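Here the structure is laid out as structure tokens; the discussion comes afterwards.
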Amino acid sequence: MIWLSILAFFSVFNETVFNVSLPDIARQFDIRPSAANWVNTSFMISFAVGSALYGKISDLYGTKKLLLSGLLTYFTGSLIGIVFHKWFLVVLIARFIQGAGASAVPALIMVFVARYIEPNNKGKAFGMIGSMVAFSEGIGPAVGGVIADYIHWSYLFILPMMTLLTLPFFLHVLPDESSKKGKFDVLGASLLSVGIVMFMLFTSMYQWGYLAISVLCFFGFLQRIRRAKQPFIEPSLLRRKKFLAGVLTGGVLLGTVAGYISSVPYMMKDVYHMPTSLIGSAVLFPGTISVLLFGFVSGLLVDKRGCLFTMLVGLFMLVVSFLSISLFVDRTPWLISTTMVLTFGGLSFVKTVVSTSVAEALSSDESGSGMSFLNFACFLAEGIGVSYAGGLLTMSWLKFPLIPTVTDTAAFLYSNLMLVFIAAVILGGIIFSLAYGRNQASSVLGSKR
């Protein structure tokens with residue numbers, strides 16, 4: 001668990017390391033924020049699809065082979081990015097390849113925990129992994145900001161190459177596994193992937209043609225998994241209400257936080273004209289330290305007080321964070337720095353609750369495909385959140401004075417954007433409460449009696 005958590009740190013680290021550099025990338029290539037955000041979105045698309053793919057085929061090809069191939073793919077994408085960083089299209093391709101390789105790590109780790117960790121310790125295990133993942137997501141912008149400001153953002157492609165240092169350990173420790181007979185649903189995976197890409201293009205460009213293609217692909221995907229002997233996603237999972245509610249909750253909440261984090265560099269530059277290195281180290285970094293503590297606490301809290309109580313605590317932290325920024329975004333930059341502790345803390349609580357709730361809703365033989373689907377949905381939602389936030393940053397209808405306490409015209413957009421994020425957090429809380437609240441409240445009352 002320790003070694004896999006370290007590897008998870010480096011694999012997910014690259015998901016956010018480019019966050020602070022997005023305004024610099026937009027300026028260098030003379031593109032809009034909605035286009036620059038695709039540097040992260042392209043990574044998250046392949047990361048999401050790969051999370052589902054690796055978990056799905058782990059039974060066929062063995063975890064060792066998949067983990068090693070994933071790390072080598074990750075290295076290849078990083079090498080392409082650093083060599084061809086002057087071409088924006090190649091940068092997007094390199095990020096897509098990086099995501100395809102890095103996705104092997106969290107996908108396989110979730111399968112390990114769901115299958116082999118006893119139920120009374122799953123909360124602690126998911127808390128440990130969640131804290132490492134949240135820490136890597138948080139410290140990424142801090143490291144990325146320093147490198148981008150003092151050297152160049154293209155050097156961020158070098159950092160993931162350190163994952164190759166773990167290869168000797170995994171080659172020695174992991175057992176060799178024989179391949180099993182079975183087929184991979186290439187058509188189903190392709191329909192789903194194209195549908196996702198088209199939908200993300202719609203969220204950033206708002207061209208209805210992309211949405212139409214996306215809907216057709218999703219419809220074809222649903223028809224495919226009903227007829228295929230070994231579908232990409234088991235149709236039985238889609239009939240489990242609690243499972244779907246947990247996945248949807250994770251998607252809404254994690255996507256919202258990802259969209260918010262991606263908007264912070266733009267906010268700090270537009271409102272406070274803050275340099276890239278300071279945004280990463282002084283604004284985003286305090287929250288990264290807090291996730292280590294909150295990830296551990298959330299695991300203990302889930303095991304002792306239940307998922308509902310822990311989820312409510314996480315939601316409260318997120319709402320307080322976003323509301324504070326909405327009301328006082330133009331007062332001081334250190335307000336955003338302080339609220340990042342609440343944001344990352346709430347994120348840690350939400351991740352632990354979602355992982356534990358979904359795992360408990362699955363039978364043992366569904367754990368592999370079910371947890372892989374959860375990974376897929378959450379990482380996909382983060383990509384959609386980043387893409388959607390980039391599109392909202394270009395919307396003129398958000399740039400009007402709504403909150404009386406905000407007087408800086410440059411801050412109107414970001415103050416109003418926080419209200420959108422608060423609405424999304426409340427929506428996620430309602431979905432979770434409707435699916436899990438009644439049963440968990442009944443179990444708590446029963447235990448007290």
Side-chain angles (χ1 to χ4, degrees), residues 12-26 29 31-51 88 91-92 94-96 98-100 102-103 106 133-134 136-138 140-141 144-145 148 153 156 193 196-206 210 214 250-270 279-280 283-284 287 318 322 340 343-344 347 350-351 375-395 398 413-414 417-418 420-421 424-425 428:
V12 183
F13 172 81
N14 212 34
E15 182 183 344
T16 59
V17 72
F18 279 84
N19 266 357
V20 184
S21 306
L22 295 177
D24 297 334
I25 294 173
F29 293 105
I31 55 180
R32 302 175 71 183
S34 56
N37 277 16
W38 271 84
V39 172
N40 269 1
T41 300
S42 59
F43 178 91
M44 292 178 181
I45 290 175
S46 58
F47 199 90
V49 175
S51 296
F88 183 66
V91 169
L92 297 184
R95 290 287 285 163
F96 187 88
Q98 278 189 320
S103 61
V133 169
S136 65
E137 289 176 338
W153 61 264
L156 299 176
S193 301
I196 291 168
V197 173
M198 292 298 105
F199 181 76
M200 287 187 166
L201 286 172
F202 169 74
T203 60
S204 57
M205 300 181 183
Y206 300 102
Y210 292 129
S214 175
V252 171
L253 295 178
L254 270 62
T256 300
V257 175
Y260 163 69
I261 293 174
S262 71
S263 68
V264 169
Y266 296 103
M267 177 169 59
M268 302 312 296
K269 283 184 176 291
D270 291 345
I279 295 173
V283 176
L284 296 177
L318 292 176
F322 296 156
M340 290 304 295
T343 301
F344 280 103
L347 177 64
V350 167
K351 281 189 172 183
N375 268 324
F376 161 75
C378 289
F379 287 124
L380 171 61
E382 290 180 350
I384 294 176
V386 171
S387 177
Y388 192 64
L392 289 176
L393 291 176
T394 63
M395 296 292 103
L398 279 174
L413 167 64
Y414 300 100
L417 188 59
M418 293 304 109
V420 177
F421 292 148
V425 170

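The chain is numbered in sequence order, starting from 1. Please read all numbers here as calculations on a predicted model, not as lab measurements.
Taking all atoms of both residues into account, the shortest heavy-atom contact from C378 to G251 is SG-N, 4.3 Å. Nearest heavy-atom pair, P265 versus I261, reported as atom, atom and distance to 0.1 Å: CD-O, 3.3 Å. Minimum interatomic distance between L413 and L392 (heavy atoms only, all atoms of both residues): CD1-O, 3.9 Å. Here the shortest heavy-atom pairing between G145 and V20 reads CA-CG1, 4.1 Å. Of all heavy-atom pairs spanning D24 and A148, the tightest one is OD2-CB, 4.5 Å. Contact record, G50 with S103: CA-OG, 3.2 Å, taken as the closest heavy-atom pair.
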TODO: Could you walk me through whether W153 and V91 pass side chain to side chain contact (heavy atoms under 4.5 Å, CB included), step by step?
DONE: CA-CA 11 Å; W153 61 264; V91 169; 4.0 Å; yes
TODO: List the steps, then state whether side chain to side chain contact (heavy atoms under 4.5 Å, CB included) holds for V264 with N19.
DONE: CA-CA 9 Å; V264 169; N19 266 357; over 6 Å; no
Open item on the list: Let's go through Y414 and L393 carefully: what are the C-alpha distance in whole Å and the side-chain angles of both, what is the deciding distance for side chain to side chain contact (heavy atoms under 4.5 Å, CB included) to 0.1 Å, and is it a yes or a no?
Closed with: CA-CA 8 Å; Y414 300 100; L393 291 176; 3.6 Å; yes
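Between the CD1 atom of I279 and the CE atom of M268 there is a distance of 6.5 Å, given to the nearest 0.5 Å. Note that CG of L318 and CG of L253 are 7.0 Å apart. Values are rounded to the nearest 0.5 Å. Note that the OG1 atom of T256 and the CD atom of E382 stand 10.5 Å from one another [nearest 0.5 Å]. In this structure, CZ on F18 lies 4.5 Å from CG on L156, to the nearest 0.5 angstrom. Distance CZ/F96 to OG/S46: 5.0 Å, rounded to 0.5 Å.
Here the side chains of R95 and N40 are in contact, with some heavy-atom distance below 4.5 Å. Taking 4.5 Å as the limit, some side-chain heavy atom of N37 sits within range of a side-chain heavy atom of Y266. Contact of the L22 side chain with the P33 side chain is not registered, since no non-hydrogen atoms from C-beta on lie closer than 4.5 Å.
Using the six-membered ring where Trp is involved, Y260 and F421 have ring planes that are perpendicular, over 60° apart on the 30 and 60° scheme.
With V257 as the partner, the side-chain contact (heavy atoms from CB on, under 4.5 Å) test is satisfied by one option alone out of V350, V425, T343: T343.
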